[in-house]
Amino acid sequence: KEKRTGDNYTISFTNTSPPNGLYEYVARLLYNAISDIFSKSENPTEEFGNYRKEEIVYDIMDWVNPNNIYFGSSNKDAFYERQVPPYKAKRGRFFTVDELRLVRSVEENLFRKLKPYVTVYSYDGKININEASRDILKALYPDFTEDDLNKIQEEKAKIGNWASESS
């Protein structure tokens with residue numbers, strides 16, 4: 001069970017209980033998407049470097065979270081200030097998906113593979129299941145089998161689209 005505490009904030013990636021707020025919900029989605037990407041690689045270390053999945057999530061979360069919340073370290077800017085030209089962590093939401101390239105541990109190859117899993121247009125952590133690909137559904141629900149995904153696709157084909165969140 002992986003846990004990390006940052007300024008009184010803990011993320012649990014493997015806990016099956018409901019997430020503790022939006023930060024943990026988004027962190028789990030990122031972790032699941034990155035886990036899926038790594039699992040599809042023949043050699044993740046060679047392809048994505050020596051980064052751990054948790055470390056990548058912490059770096060992304062640190063990039064967007066305000067000063068008083070940290071996940072990876074208490075000095076978010078140390079890595080970024082050593083870059084040429086130097087810069088600081090954003091401490092706010094992404095305006096473009098390409099901003100992911102600025103985050104420590106998001107190398108170009110990982111960015112290309114992660115890009116289809118992320119959006120900058122969701123402010124509440126929700127997705128449109130009518131538009132979600134199989135990969136997105138698998139990232140959201142890693143326990144879904146291929147049979148589960150097929151049933152969802154069949155139901156969607158039968159009804160067209162779900163009209164509301166409750167349906």
Side-chain angles (χ1 to χ4, degrees), residues 1-4 6 9-44 47-49 51-66 69 71-72 90-103 105-167:
K1 185 174 186 178
E2 177 68 31
K3 281 193 168 186
R4 183 91 165 238
Y9 199 86
T10 301
I11 296 175
S12 177
F13 294 105
T14 56
N15 192 340
T16 57
S17 65
N20 182 18
L22 186 58
Y23 284 136
E24 189 165 315
Y25 176 77
V26 171
R28 286 184 187 181
L29 291 177
L30 279 168
Y31 181 82
N32 290 340
I34 292 166
S35 294
D36 189 53
I37 291 167
F38 276 37
S39 72
K40 292 177 180 174
S41 174
E42 290 181 22
N43 188 339
E47 190 172 357
F48 305 114
Y51 294 107
R52 293 180 10 254
K53 296 172 279 193
E54 298 85 357
E55 180 181 5
I56 297 166
V57 173
Y58 297 140
D59 287 345
I60 293 169
M61 299 300 288
D62 275 340
W63 178 262
V64 298
N65 286 306
I69 298 173
F71 298 95
K90 180 143 186 198
R91 294 180 175 85
R93 70 179 192 83
F94 287 97
F95 291 131
T96 69
V97 173
D98 284 344
E99 282 183 60
L100 269 172
R101 289 182 163 123
L102 298 172
V103 176
S105 76
V106 180
E107 302 294 337
E108 187 61 29
N109 193 38
L110 177 60
F111 170 76
R112 282 194 315 274
K113 302 233 175 163
L114 187 57
K115 189 176 179 178
Y117 288 90
V118 296
T119 183
V120 296
Y121 300 111
S122 179
Y123 302 107
D124 57 6
K126 295 180 181 179
I127 62 150
N128 182 343
I129 195 166
N130 293 317
E131 301 293 326
S133 68
R134 289 174 76 88
D135 286 338
I136 295 294
L137 292 173
K138 189 69 173 158
L140 289 169
Y141 306 102
D143 294 334
F144 276 10
T145 65
E146 285 302 312
D147 189 48
D148 295 330
L149 295 170
N150 289 336
K151 287 177 184 175
I152 290 170
Q153 295 299 93
E154 289 168 12
E155 182 67 17
K156 184 176 155 188
K158 185 170 87 177
I159 65 170
N161 282 323
W162 286 277
S164 68
E165 198 174 320
S166 60
S167 64

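For the numbers below, each heavy atom of this structure counts, side chains included, while hydrogens, waters and symmetry mates do not. Throughout, numbering of the chain's residues begins at 1 and tracks the sequence. Keep in mind the model is a prediction, meaning the values are calculated, not measured.
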In sequence, state the C-alpha distance, the side-chain angles, and the governing distance for Phe38 and Ile56, and then conclude on side chain to side chain contact (heavy atoms under 4.5 Å, CB included).
-> CA-CA 12 Å; Phe38 276 37; Ile56 297 166; 3.9 Å; yes
Go through the steps for Trp63 and Arg91 under the test side chain to side chain contact (heavy atoms under 4.5 Å, CB included), then give the verdict.
-> CA-CA 6 Å; Trp63 178 262; Arg91 294 180 175 85; over 6 Å; no
Walk me through it: do Asp98 and Lys115 pass the test side chain to side chain contact (heavy atoms under 4.5 Å, CB included)?
-> CA-CA 8 Å; Asp98 284 344; Lys115 189 176 179 178; 4.0 Å; yes
Which is it for Ile37 and Lys53 under the side chain to side chain contact (heavy atoms under 4.5 Å, CB included) test, yes or no, and what are the steps along the way?
-> CA-CA 10 Å; Ile37 291 167; Lys53 296 172 279 193; over 6 Å; no
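Side-chain contact between Val97 and Thr119 is absent, with no heavy atoms from C-beta onward closer than 4.5 Å. Proximity of Arg93 to Val64: side-chain heavy atoms (C-beta onward) are nowhere separated by under 4.5 Å. Val103 has its side chain out of reach of Phe111: every pair of non-hydrogen atoms, C-beta onward, lies at least 4.5 Å apart.
In this structure, the side chain of Asp148 engages the main chain of Thr145 through a donor-acceptor pair within 3.5 Å.
Put simply, CG on Asn109 and CZ on Phe48 are 5.0 Å apart, with the number rounded to the nearest 0.5 Å. To the nearest 0.5 Å, the span separating CG on Leu100 from CG on Leu114 amounts to 6.0 Å. Atom OG of Ser39 is separated from atom CD1 of Ile34 by 12.0 Å, given to the nearest 0.5 angstrom. Note: Glu55 CD to Ile60 CD1 = 11.0 Å, rounded to the nearest 0.5 Å.
A salt bridge between Lys158 and Glu155 is present, with a side-chain N of the basic residue lying under 4.0 Å from a carboxylate O of the acidic one. Between Arg101 and Glu107, none of the side-chain N atoms (NZ, or NE/NH1/NH2) sits under 4.0 Å from a carboxylate O, so this pair counts as no salt bridge.
In plain terms, the two heavy atoms of Leu110 and Ser105 that are nearest each other are CD2-O, 3.8 Å. Closest of all the heavy-atom pairs between Ile152 and Trp162 is O-CH2, 3.8 Å.
In this model, a donor atom of one side chain and an acceptor atom of the other lie less than 3.5 Å apart for Asp36 and Tyr117.
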